Amino acid sequence: MNRPDRSTVRPAAVLAAALAAGLALAGCGANGDRSTSSSDHRRPAPAAPDGGRTAAPAPSGAATPDGPEGERRAPSRAPDYLSTFALDVDTASYGYARRSLADGRLPDPATVRPEEFVNSFRPDYPRPADDGFSVTVDGARTGADGWSVVRVGLATRAADRASERPPAALTFVVDVSGSMGEPGRLDLVRHSLRLAADQLRDDDSVGLVAFSDGAETVLPMTRLGGARDRVREAVDSLEVRASTNLEAGLTTGYDVAAEGHRKGATNRVVLLSDALANTGETAADALLGRIDAQRREHGITLFGVGVGSEYGDELMERLADRGDGQTVYVSTRDQARKVFVDQLPAHVQLRARDAKAQVAFDRKTVERFRLVGYENRAVADEDFRDDRVDGGEIGAGHTVTALYAVKTRPGATGPVATATVRWLDPATRAPRERSGAIGSGALGARLWEGGHDSLQLSAISAYFAEELRGGALPGSPGLAALAGYADGIRARSGSSVVGELAEAVRQADRLAVRRPSPEGEFGSADPYA
């Protein structure tokens with residue numbers, strides 16, 4: 001993939017309109033008036049002709065041409081009524097923010113990406129029977145005049161651990177520099193690698209590279225069957241050394257991955273580091289270029305696992321983006337278990353390549369809208385069906401949530417939005433699409449009243465992230481109230497991860513998050529004002 005690099009977020013300058021913590025609450029989109037059905041089709045996203053009405057989706061199985069030359073194109077529309085972005089399942093921003101708050105400091109606003117807060121929780125969206133996506137669209141009123149939240153939820157079929165999957169060839173590239181000497185940091189990495197060795201199948205292969213001021217191949221690519229003890233011995237041999245030469249680590253790691261490349265397997269480099277490069281080539285562009293070349297030549301992707309109280313968030317994000325991968329952040333053994341035991345099958349079993357979403361808002365019903373987060377995933381509207389433009393790689397059992405603040409026109413009724421997801425089949429690279437829609441009648445309920453736990457949790461995460469990065473969303477109840485709503489969900493669901501969210505919000509409130517000055521509902525940078 002060659003997505004735009006993720007740079008630091010400047011919340012006052014960008015328009016926003018958006019888990020793998022494992023929460024499975026009953027989603028508001030699962031039944032009743034608040035959700036809509038999805039349709040599978042191979043056609044352009046619903047069109048908005050001059051009247052602004054979205055066209056009805058084609059019936060499931062309708063014979064419509066695929067591909068750039070055969071497709072029917074949607075009529076042009078005002079760009080303000082389309083929102084297009086590449087899918088994202090990263091969660092590192094939320095994990096690192098929680099670590100910072102637990103240490104008694106607010107996270108740098110530039111490291112706060114709301115979509116990664118929202119996607120750190122896994123709503124109970126319906127799962128498709130096939131290897132594509134389900135599409136759920138729901139929403140509720142926020143209490144601000146005319147404003148609602150609209151949630152677009154996408155989900156893939158979970159991995160069946162007993163079923164066949166392509167083998168994995170994973171090269172673990174481990175930072176053993178001096179900064180990894182922070183108490184418990186390298187111990188956590190070793191623990192994570194042992195979990196991975198126990199979790200993978202006999203037919204999977206692993207290699208191990210350690211880097212500090214230089215890089216060393218600790219274990220060449222090795223089939224796990226009959227070699228698990230050898231892998232554990234290699235992991236146990238890791239020790240803290242000198243400075244951080246990330247360039248040497250990645251270069252050697254990709255060399256090992258290329259030498260051990262397995263056709264038909266999931267070939268991936270797994271980087272475990274605090275991403276604080278200080279030796280060798282430290283410029284991101286040079287590192288990104290090397291990763292991109294390996295991705296193009298060998299199809300090797302990158303999975304970044306961040307550790308440490310001081311963490312190079314921006315660099316890790318950009319590396320994973322250029323390497324067609326994802327990032328997570330771990331600071332405890334419980335989090336390591338979620339990543340390397342609970343989530344590992346999703347990371348090695350691909351459901352969709354180059355996945356993008358496009359949400360079409362009805363101009364007769366909608367006055368303004370705003371996507372929360374995804375600034376670094378923006379895709380030009382006209383590139384939605386250009387399959388040469390890269391999107392996100394999505395694994396088995398993943399969910400992706402995009403949350404929008406939407407202001408409807410006074411008294412308007414009718415369609416509000418139609419969401420379409422497009423992806424390439426991992427095996428055949430054939431394009432596929434699926435859509436879901438929501439009307440004004442589905443926005444009657446109030447967000448903060450009972451019965452909306454799943455939607456409330458997505459909203460709490462988004463509002464929390466916006467507060468941390470100095471922004472504001474219509475209808476925000478403030479941090480203290482957000483913590484209270486999270487406590488209520490925790491009491492009803494028994495979910496410990498929601499309890500952790502509530503505590504993080506309270507910690508931020510105690511640290512006196514700076515509120516934005518009231519310059520309109522979106523601040524001075526709002527282009528819709």
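The chain is numbered in sequence order, starting from 1. Note that the coordinates shown come from a computational prediction; the quantities given were computed from them, not determined experimentally. Excluded from the calculations below are hydrogen atoms, water molecules and symmetry mates; all remaining heavy atoms, backbone and side chain alike, are included.
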pair L271-L302: side-chain heavy atoms closer than 4.5 Å: yes
Side chain to side chain, T401 and V152, heavy atoms closer than 4.5 Å: no
Short side-chain to backbone donor-acceptor contact, R322 and D292, under 3.5 Å: no
Pair R429 + D354, salt bridge at N-O below 4.0 Å: yes
CD on E314 to CZ on R113, rounded to 0.5 Å: 9.0 Å
Stepwise side chain to side chain contact (heavy atoms under 4.5 Å, CB included) test for K338 and V497: CA-CA 12 Å; K338 286 176 182 175; V497 295; 3.0 Å; yes
Check: R151/S458 side-chain N/O donor and acceptor closer than 3.5 Å: yes
Side chain to side chain contact (heavy atoms under 4.5 Å, CB included) between I394 and W423, intermediate numbers included: CA-CA 9 Å; I394 307 300; W423 71 97; over 6 Å; no
Residue pair R268 / T301, side-chain donor-acceptor N/O under 3.5 Å: yes
Pair S205-R262, side-chain donor/acceptor within less than 3.5 Å: yes
R434/D130 salt bridge by N-O under 4.0 Å criterion: yes
Least distance between heavy atoms, P474 atom then A405 atom: CD-CB, 4.2 Å
Check: L501 and S461 side chains under 4.5 Å, non-hydrogen atoms: yes
Audit row: F340, V305, side chain to side chain contact (heavy atoms under 4.5 Å, CB included) steps and yes/no: CA-CA 10 Å; F340 289 96; V305 181; 4.1 Å; yes
Nearest-0.5 Å distance that lies between atom CG in L424 and atom CG in D390: 9.5 Å
Spacing of OH belonging to Y463 relative to CD belonging to Q456, to within rounding of 0.5 Å: 11.0 Å
Evaluation steps, side chain to side chain contact (heavy atoms under 4.5 Å, CB included), between V416 and D362: CA-CA 5 Å; V416 172; D362 192 304; over 6 Å; no
Partners passing side chain to side chain donor-acceptor pair (under 3.5 Å) against D202 (at least two apart in sequence or in another chain): R228
Closest contact, heavy atoms only, A86 versus V379: N-CG2, 3.6 Å
Under 3.5 Å donor-acceptor, E115 side chain and Y374 backbone: yes
For A92, all residues meeting side-chain contact (heavy atoms from CB on, under 4.5 Å), sequence neighbours excluded: E116, Y311, E317, T327, Y329
Donor-acceptor contact present, side-chain H261 to main-chain N267, <3.5 Å: no
Listed partners of T171 passing side chain to side chain donor-acceptor pair (under 3.5 Å), at least two apart: none
Results of salt bridge (Lys or Arg N to Asp or Glu O under 4.0 Å) for R353 - residues two or more places apart only: none
Donor-acceptor contact present, side-chain S148 to main-chain L443, <3.5 Å: no
Any donor-acceptor N/O pair, S454 side chain to P123 backbone, under 3.5 Å: no
Any L193 side-chain heavy atom under 4.5 Å of F172 side chain: yes
All side chain to side chain donor-acceptor pair (under 3.5 Å) counterparts of T84, not counting sequence neighbours: Q358, D381
Listed partners of S476 passing side chain to side chain donor-acceptor pair (under 3.5 Å), at least two apart: E467
Partners meeting side-chain contact (heavy atoms from CB on, under 4.5 Å) with A168 (sequence neighbours left out): R165, L170, D204, V348
Partner set under side-chain contact (heavy atoms from CB on, under 4.5 Å) for T332, not counting sequence neighbours: D334, Q335
Spacing of K407 atom NZ and T142 atom OG1 [to the nearest 0.5 Å]: 10.5 Å
Minimum heavy-atom distance between T420 and S435, given as atom pair plus value: OG1-OG, 2.6 Å
Minimal non-hydrogen separation, G264 against P166, with atom names: O-CB, 3.4 Å
All salt bridge (Lys or Arg N to Asp or Glu O under 4.0 Å) counterparts of R490, not counting sequence neighbours: none
F303 side, atom CZ; D90 side, atom CG - distance, nearest 0.5 Å: 9.0 Å
Taking every non-hydrogen atom, the tightest pair across Y485 and P477: CE1-CG, 4.0 Å
Minimum side-chain heavy-atom gap T413-T365 below 4.5 Å: no
Sequence-distant partners of D425, salt bridge (Lys or Arg N to Asp or Glu O under 4.0 Å), two or more places apart: none
Aromatic contact, Y81 with F361 (centres under 6.0 Å): no
Spacing of D453 atom CG and I460 atom CD1 [to the nearest 0.5 Å]: 8.5 Å
Heavy-atom pair of closest approach, residues A144 and G475: CB-N, 3.6 Å
More than 12 heavy atoms from other groups under 6.0 Å of CZ on R337: no
Salt bridge (Lys or Arg N to Asp or Glu O under 4.0 Å) partners for R157, two or more places apart: D131
By ring pair (Phe, Tyr, Trp, His ring centres under 6.0 Å) - contacts of F464 (at least two apart): F117
Heavy-atom side-chain proximity of F133 to T156 below 4.5 angstrom: yes
Pair E500 + R98, salt bridge at N-O below 4.0 Å: yes
Any donor-acceptor N or O pair under 3.5 Å, side chains T111, Y96: no
Donor-acceptor under 3.5 Å (S440 side chain, G414 main chain): yes
Test item: I291 and L319 side chains (from C-beta on) under 4.5 Å apart, heavy atoms: yes
Member of V421, D386, L87, V389 meeting the side-chain contact (heavy atoms from CB on, under 4.5 Å) criterion with K356: V389
Any side-chain heavy-atom pair of D387 and R422 under 4.5 Å: yes
